[in-house]
Q: 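This is the structure, below, for whatever I ask next.
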Amino acid sequence: MAMALFGITCTLPLSGHAQSADDKNAEELRVDALKSFREKAAPFVKDYCVECHGNRRSKGALNFEVAVKKPGDAAFSQKWAQALANVNAHDMPPDDSDQPSDKERQDFLDTLAKIKFLSPRDPGPFVIRRLTKMEYGNTLHDLFGVDPKVTEELPDEVFGEGYMNTLSPLQSEQYLGIANEVLNKTLGPKDGPATELQKRLFGKNPEAGADLRAEARKVASSLARKAYRRPASEAELEVLVGVFDLAQKNKLPYPASLRLMLKAVLVSPQFLFITPAKAAEAGQAIIPLDDYQIASRLSYLLWATMPDAELSALADQGKLHEPEVLKDQVKRLLADRRSRALFDGFGAQWLGVGELKNQTFDPAKFPQMTAELRAAMYDEARLFFDSIVRENRSVIGFVDSDYTYLNGTLAKLYGMEKSVTGSEMQQVKLTNKNRGGILGMAGILATTSFPNRTSPVKRGVWVLEQVLGERVPPAPPNVPTLEKQDGKKVANLTLRQRTELHRTNAVCANCHKILDPIGFGLENFDAIGQWRDQDDTGGKIDAAGELPGGKHFSSPKELKTILSARTADVARNLTERLLAYALCRQLEGYDEIVVDRLMETIAKDGYRMQTLITEVVTSYPYLNHRIQEQPTATANAK
């Protein structure tokens, strides 16, 4: 639910006069929000919610009796978001309970939209988190020139569970094994001549009589600066030199002792985790990120690897936090081919195509779903996303465009095999207006299907949540699926008719009347994205529908036209998702006000993608963090 509301600046300090005016405006909004909550939301919760979601009874683990006492507390942000979605969909209160009037319901929804103004100005914590498998492989490549696939034995991250900030004994063994493999591939034998890389890392062997420990400390400082992405502290250097000392006590030669010290670097938390450069001073509650944190946060966001020489030099000079310098670096990083990592990390997760390679399809119905076709589907989405970013197009291009990327394998699915051949992906002009944009993209249509058929519900949820940013309440428990319908009664029904029959269930009706029309609008595409005029029963596809507000459509292209008109909603959803991904945590409380402010600037530039990315990277929560004793990773981030 996108609303142009007041936000405060996130990148530059305001002048005293402007700050005073904004403070006054913020206080007025806070007072209004609190008054509205006390007069409208609190009575609504008491009358219609706490019987099932209170101290005595907390169905669905929701207790609003506690939340209503501290409405602006970030801990309750997700609860209020869920309440808004359920009440808006008329799922709550349940049909067998007392019902609010239309005015009471709308007043409650309007009040929940103001809760953000009760939140204190808080950038949230800096999440200390482990490098992902892809980031770890890329970093080893940049440091040693090894193939990033050296990390293949590590388990893949599970999207939706957030960043992990722990190490199991098994993972520690895996990292040690990878470190050994990297050193064996890139350094000379323990008693053999040094490789060129070894010479660059360790320098020349000290002359006879030199202080070996002092020389090792210099090497440790150099290694740590590269691997830790920041200068090492004195305590950290002592740990590394201690490893060197241990090797020397065991009579290892100088190069072998340095090799053991380098191995210690590669299995250290400072290398495996993104960590602050130094501890905060006592008494501080909120502090800006130092330049080294900014360099790493930016580099791993856009390149999924360590900062390069230019970023590192700017961090050493203390210039990276300067707004114009930072903006120039965002532009430079996005122009580099390594920025494709933004899709592999963020874009693939947002669009849902990251797990396409493992998705099951009925081989009898869809023998085309080979590994080659799945790879082409992923590459189409990746190249399309990359073109929007690199060419700085408006985000609405994600919804509707006149081009895509195909090779011969994927072109057959699009009915374009005569004009597109070969294994290489190439940009293709589209003349069929039902295609173009992510809604007509085969990989996404396949991702939102079942193994043997389409799913209007899954596709409807995907469009609402992933494209428009609306929250869809989860399906109620114990509702039978279409597969459990009476086979004789539905034998001659199309999928649309079966879904509409399912919708006669009162428990399902409220959500499905919003979800299904969108899914029906995409029914001309089968479960793997091929165009069709009849469904599996032989019945004619009926793609007509109506969206809230009386917007009618009868084809995918007409549905896309309606959705394209909601540019602000599409842009806000993408901004919120990218900000959460960049911060490695869920957005809550004050973050909503930050997004309001970002949207003002993004809108002025036509919702262009590079502007959106730059605004996220120069935002208040991205460049500052709250001090807390034990930072933790928040779920559902990346």
Side-chain angles (χ1 to χ4, degrees), residues 1-4 343 347 350-353 380-381 383-405 414 427-445 447-448 456 459-472 514-525 529 531 543-578 595 598-613 615:
M1 186 179 295
M3 292 174 289
F343 175 80
W350 165 46
L351 298 177
V353 297
E380 177 189 15
L383 290 168
F384 181 69
F385 180 95
D386 193 51
S387 73
I388 298 286
V389 174
R390 283 176 176 266
E391 297 167 22
N392 199 18
R393 293 173 178 260
S394 169
V395 298
I396 208 60
F398 284 117
V399 176
D400 199 8
S401 68
D402 61 357
Y403 71 96
T404 192
Y405 294 83
Y414 283 58
Q427 189 178 98
V428 176
K429 182 80 172 179
L430 296 171
T431 56
N432 181 354
K433 294 186 180 300
N434 289 302
R435 294 285 186 185
I438 54 180
L439 270 70
M441 201 168 281
I444 292 166
L445 291 162
T447 299
T448 52
R459 287 177 175 176
V461 170
W462 186 87
V463 171
L464 285 172
E465 292 191 336
Q466 306 303 116
V467 180
L468 297 177
E470 296 186 6
R471 190 183 181 104
V472 178
I514 299 173
L515 301 176
D516 295 351
I518 298 175
F520 293 146
L522 299 174
E523 267 295 280
N524 281 112
F525 300 112
W531 184 265
E546 177 183 353
L547 293 180
K551 301 287 186 179
H552 294 266
F553 58 88
S554 59
S555 64
K557 66 179 180 182
E558 292 180 5
L559 173 60
K560 288 196 302 178
T561 298
I562 295 173
L563 296 177
S564 296
R566 297 182 60 175
T567 308
D569 292 341
V570 174
R572 186 182 183 95
N573 171 57
L574 198 52
T575 302
E576 290 176 340
R577 289 181 179 275
L578 183 59
V595 174
L598 301 188
M599 289 302 299
E600 293 175 10
T601 304
I602 296 167
K604 290 176 183 177
D605 193 41
Y607 300 103
R608 293 182 183 276
M609 191 62 185
Q610 288 192 16
T611 302
L612 188 156
I613 295 170
E615 285 301 300

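Because only heavy atoms are used, hydrogens play no part in the values below, and waters and symmetry mates are left out as well, while side chains stay in.
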Q: Rounded to the nearest 0.5 Å, how far apart are CD1 of I602 and CD1 of I613?
A: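 With rounding to 0.5 Å, CD1 (I602) is 10.0 Å from CD1 (I613).
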Q: Ignoring hydrogens and angles, tell me if any N or O in the side chain of W462 forms a donor-acceptor pair with the backbone of L351 under 3.5 Å.
A: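 Side chain of W462 to backbone of L351: a pair is present.
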Q: How many angstroms lie between CG in L563 and CD1 in I518, if you round to the nearest 0.5 Å?
A: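 Those atoms lie 6.5 Å apart.
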Q: Test side-chain contact (heavy atoms from CB on, under 4.5 Å) on W350 and L578 and set out the steps.
A: CA-CA 9 Å; W350 165 46; L578 183 59; over 6 Å; no
Q: Aromatic rings F343 and F385: how do their planes relate, parallel, tilted or perpendicular, breaks at 30° and 60°?
A: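 Ring orientation, 0 to 90° scale: tilted.
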Q: Kindly compute the distance separating CZ (F384) from CD (Q427), expressed to the nearest 0.5 Å.
A: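 F384 CZ to Q427 CD: 10.0 Å, rounded to 0.5 Å.
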Q: CG of L612 to CD1 of I388: how many Å apart, nearest 0.5 Å?
A: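 One gets 12.0 Å once the value is rounded to the nearest 0.5 Å.
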Q: Does N434 reach the main-chain N or O of K557 with its side chain, forming a donor-acceptor pair under 3.5 Å?
A: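 Answer holds: yes.
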Q: Quick check against the 3.5 Å criterion: does Q610 have a side-chain atom that pairs as donor or acceptor with the backbone of V389?
A: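 Flag set: sc Q610 to bb V389 pair under 3.5 Å.
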Q: Are the side chains of V570 and V467 in touch, meaning some heavy atoms are under 4.5 Å apart?
A: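 In contact.
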Q: CE/M599 to CD/E615 distance, rounded to the nearest 0.5 angstrom?
A: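 Going from CE on M599 over to CD on E615, the span is 10.5 Å.
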Q: Please report the interatomic distance CG(L468) to CZ(R566), rounded to the nearest 0.5 Å.
A: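 If we round to the nearest 0.5 Å, L468:CG and R566:CZ are 4.5 Å apart.
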Q: Backbone N or O of K429 within a donor-acceptor pair of the D402 side chain at under 3.5 Å?
A: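 Judged by distance alone, no pair lies under 3.5 Å.
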Q: Taking only residues two or more places apart in sequence or in another chain, which ones pass ring-ring contact (aromatic ring centres under 6.0 Å, His included) with F525?
A: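 Result, ring-ring contact (aromatic ring centres under 6.0 Å, His included) vs F525: W531.
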Q: Using side chain to side chain donor-acceptor pair (under 3.5 Å), reason through S387 and Y403 one step at a time and then give a plain yes or no.
A: CA-CA 10 Å; S387 73; Y403 71 96; 2.6 Å; yes
Q: For residues E576 and V595, report the shortest heavy-atom separation together with the two atoms involved.
A: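 Shortest heavy-atom separation between E576 and V595 comes out as CG-CG1, 3.8 Å.
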Q: Looking only at atom types and distance, does a side-chain atom of K560 sit under 3.5 Å from a main-chain N or O of S401, one as donor and one as acceptor?
A: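 Pair absent, no side-chain N/O of K560 close to backbone of S401.
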Q: In plain terms, say whether E600 and K604 are close enough for a salt bridge, that is, a side-chain N and a carboxylate O under 4.0 Å apart.
A: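 Looking at E600 and K604, the cut-off is not met.
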Q: Without swapping roles, check the side chain of R459 against the backbone of L445 for a donor-acceptor pair under 3.5 Å.
A: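 Such a contact is found between R459 side chain and L445 backbone.
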